[in-house]
Q: 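Mind having a look at this structure? Questions to follow.
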Amino acid sequence: MDGGLNNFFDDYLKKEPLFKDRALLQSGYCPETINHRENELKKVANVLAPSLRSDKPSNLFIFGKTGTGKTLVVKHTINQLANYAKEKGIKLKTIYLNCKLKRVADTEYRLVAQLLRNLGVEVPYTGLPTEEVYKKFFDVIDKEKQIIVVALDEIDQLVSKIGDELLYNITRMNEELNNARVSFIGISNDLFFIDTLDPRVRSSLSEEEVVFPPYNAIQIKEILQQRSDLAFSTSALSTGVIEKCAAYAAREHGDARRAIELLRVAAEVAERNCQKVVKIENIDHAEQKIEYDRILDLITNQPKQSQVVLFSIIKIQDEKKEGIFTGEVYELYQKLCPKIGLSMLTQRRVSDIIAELDMLGIINSRVLSKGRYGRSREITIMIPKDTLEKVINILNDSLGIAF
DNA sequence: CGAGATTCATGTGAAGTATACCTTTAGGCTTAA
DNA sequence: AAGCCTAAAGGTATACTTCACATGAATCTCGTA
């Protein structure tokens, strides 16, 4: 048995690896040079440059669909800025924060607390007045004359959740400061987000704007080409692979992140199959696998309560083919809770949980009036059939009940 | 037959509550002068 | 008297509950043709 495994490992090592450097294709990777975003890069740098003379840069707002390089450009620019400033001994700090992260930056308190943590100050997760956290933040940065650049990614998500009062507070920060100056970079996927804001907030938060257009198919192809030259060993890709990835991504409004992910996963699939080259078919598998992994990851990380609600929905769909409504889901949920040993939430809360699952794209729900028979949400599960089984397994394990 | 009233089942907003955690404060104890 | 520790008091954010009202089309009601 051991011998068998040893052989396996031997074979594994003997195999010509497809990847030369897998990290280059992973989602967090930040390349040295960014292609086809020269204009945007320049604009962002232009806005931020005054910070090097210790002037407060204008607040900046950035729009663009997912995978158009917004995050990349901003991260890249503020990193370079911070490095340069450090070299020259300029008092400048930069912070990047993604507002969507649950339990990290999805309320006003948590946002400011997280900013403080980024500056190396420990803040309790609860208990302090929000006001106090602001004050702490001011104290920390106002100790010396310096510029702070704060980038808030996916800020539209945060505002849609907790309202725009937060932005109002944020933009007024500088009035409270004597020495330091703070500028904000807001990043949004929603192109119309700014229109929904209070005019006062809008004008001060969006002194400058940069719009990121989608990449076209040719640009995506070049990006892929360049990355794959570095990431793969020579001739690891069969012809047409890059083109197909680019085409898939261009179909989705030029989402480069997706194209890169597709390529990486396709290669991983090929590697697992012990192929010598990545073939075009692997891309189709990759597309499925990405969706599969995304959903599984999402569900595994859901709180137990949400899992039970989802479990109920799936079970009801399994029993009847059409029309799942809140009432039935809640009924089953109520029966399930004691079995699992979970405290039972009210219908009000479960209704919100269903809305949250909808937001995550695990299910699709729409409010529907059934006339005489009241109104309810009609729920449809958005999990592909072949993924469903695995999802059920996960829920079974996590909740300790059988389907 | 058709306009308007009624109804149902739940959506949804606002206010209230429980929990977990924070800081402040007052009291008690110890210590050192 | 000063210093230190501890426990109670008073405060907050967050997740959830409670309360109350809003929805909107199928169905019912009733006056009229």
Side-chain angles (χ1 to χ4, degrees), chain A residues 97-140 152 157-170 176 196 198 298 301-313 316-317 319-320 322-338 340-360 362-381 398-399:
Chain A
L97 200 56
N98 189 328
C99 303
K100 211 175 83 179
L101 296 174
K102 253 210 154 190
R103 298 177 171 278
V104 173
D106 58 351
T107 68
E108 184 165 13
Y109 177 95
R110 300 213 258 234
L111 179 87
V112 183
Q114 196 59 32
L115 290 179
L116 271 166
R117 283 188 204 111
N118 269 304
L119 294 169
V121 183
E122 274 313 307
V123 192
Y125 288 91
T126 170
L128 253 48
T130 308
E131 197 74 2
E132 193 65 29
V133 188
Y134 269 110
K135 226 176 110 207
K136 230 173 185 164
F137 182 67
F138 295 149
D139 286 350
V140 169
L152 302 175
Q157 304 262 344
L158 181 59
V159 170
S160 73
K161 204 175 151 191
I162 63 169
D164 58 3
E165 202 173 320
L166 157 81
L167 298 180
Y168 187 66
N169 291 338
I170 272 179
E176 307 270 328
T196 65
D198 184 309
L298 220 49
N301 293 318
Q302 278 315 295
K304 279 236 157 55
Q305 293 287 0
S306 303
Q307 289 183 346
V308 183
V309 174
L310 181 62
F311 185 92
S312 308
I313 294 171
I316 286 173
Q317 197 211 28
E319 282 160 9
K320 54 182 256 189
E322 59 192 82
I324 306 171
F325 299 106
T326 313
E328 321 166 76
V329 173
Y330 188 65
E331 216 171 281
L332 181 56
Y333 165 86
Q334 276 179 305
K335 280 190 206 143
L336 252 32
C337 274
I340 298 164
L342 213 54
S343 61
M344 201 154 52
L345 302 181
T346 50
Q347 181 148 343
R348 179 75 186 80
R349 177 66 189 138
V350 170
S351 178
D352 280 348
I353 288 178
I354 291 174
E356 282 164 25
L357 290 172
D358 185 32
M359 284 283 283
L360 291 169
I362 297 174
I363 62 172
N364 196 312
S365 75
R366 79 196 161 103
V367 180
L368 178 73
S369 184
K370 292 180 291 171
R372 185 65 209 269
Y373 306 103
R375 80 201 307 246
S376 180
R377 274 202 184 84
E378 190 184 42
I379 302 167
T380 327
I381 299 178
S398 165
L399 303 174

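Note on naming: letters A, B, ... go to the chains in the order of the sequence lines (proteins, then strands), and numbering restarts at 1 for each one.
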Q: Under 3.5 Å, which protein N or O atoms sit close to an N or O of nucleotides 14-18 of chain B? Give each pair with its distance.
A:
none

Q: For Ser398(A), enumerate each residue passing the side chain to side chain donor-acceptor pair (under 3.5 Å) test, keeping only those at least two apart in sequence or located in another chain.
A: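 Ser398(A): side chain to side chain donor-acceptor pair (under 3.5 Å) contacts with Gln307(A).
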Q: Check for me whether the distance between the ring centres of Phe137(A) and Tyr134(A) falls short of 6.0 Å.
A: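 When the ring centroids of Phe137(A) and Tyr134(A) are compared, they turn out to be at least 6.0 Å apart.
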Q: Taking only side-chain N and O atoms of Thr326(A), does any of them lie within less than 4.0 angstrom of OP1 or OP2 on dG11(B)?
A: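 Yes.
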Q: Which of residues 104-115 of chain A sit near DNA chain C, with a heavy atom under 4.0 Å from it?
A: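 Within this stretch, Thr107(A), Tyr109(A), Arg110(A) sit under 4.0 Å of the strand.
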Q: Where does the chain A footprint on DNA chain C start and end, counting 5' to 3' with a 4.0 Å heavy-atom cut-off?
A: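 So the contact region on DNA chain C extends dG11(C) to dC28(C).
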Q: Would you mind listing every salt bridge (charged side-chain N to carboxylate O under 4.0 Å, His left out) that reaches into residues 104-117 of chain A, with sequence neighbours excluded?
A: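 Those involving residues 104-117 of chain A are Asp106(A)-Arg110(A), Asp106(A)-Lys161(A).
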Q: Only counting residues at least two apart or in another chain, list the ones meeting side chain to side chain donor-acceptor pair (under 3.5 Å) with Arg103(A).
A: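 If we apply the side chain to side chain donor-acceptor pair (under 3.5 Å) test to Arg103(A), skipping adjacent residues, there are no hits.
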Q: List in numerical order all residues of residues 118-129 of chain A for which some heavy atom is under 4.0 Å away from an atom belonging to DNA chain C.
A: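 Within residues 118-129 of chain A, the residues near DNA chain C are Thr126(A), Gly127(A), Leu128(A), Pro129(A).
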Q: Where along residues 372-380 of chain A does a heavy atom come under 4.0 Å from DNA chain C, residue by residue in number order?
A: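 By residue number: Arg372(A), Tyr373(A), Gly374(A), Arg375(A).
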Q: Check the surroundings of atom CD in Gln334(A): do more than 12 heavy atoms from other residues, nucleotides or ligands lie under 6.0 Å from it?
A: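 Atom CD in Gln334(A) is packed in, count exceeds 12.
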Q: In chain order, what residues pass the ring-ring contact (aromatic ring centres under 6.0 Å, His included) check against Phe311(A), with sequence neighbours excluded?
A: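 Only Phe403(A) meet the ring-ring contact (aromatic ring centres under 6.0 Å, His included) criterion with Phe311(A).
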Q: Taking only residues at least two apart or on different chains, which pairs with a member in residues 119-134 of chain A satisfy salt bridge (charged side-chain N to carboxylate O under 4.0 Å, His left out)?
A: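 Sorted result for residues 119-134 of chain A: empty, none.
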Q: Under the side chain to side chain donor-acceptor pair (under 3.5 Å) test, which residues partner Asp352(A), sequence neighbours left out?
A: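 Asp352(A): side chain to side chain donor-acceptor pair (under 3.5 Å) contacts with Arg348(A).
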Q: Report for the helix from dC1(B)-dG31(C) to dT31(B)-dA1(C): angle between first-end and last-end helix axes, five pairs each, rounded to 10 degrees.
A: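 Terminal axis comparison yields 30°.
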Q: Knowing that exactly one of Ile353(A), Val309(A), Val308(A) qualifies, which makes a side-chain contact (heavy atoms from CB on, under 4.5 Å) with Leu345(A)?
A: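 So, applying the side-chain contact (heavy atoms from CB on, under 4.5 Å) to Leu345(A) and each of Ile353(A), Val309(A), Val308(A), only Ile353(A) qualifies.
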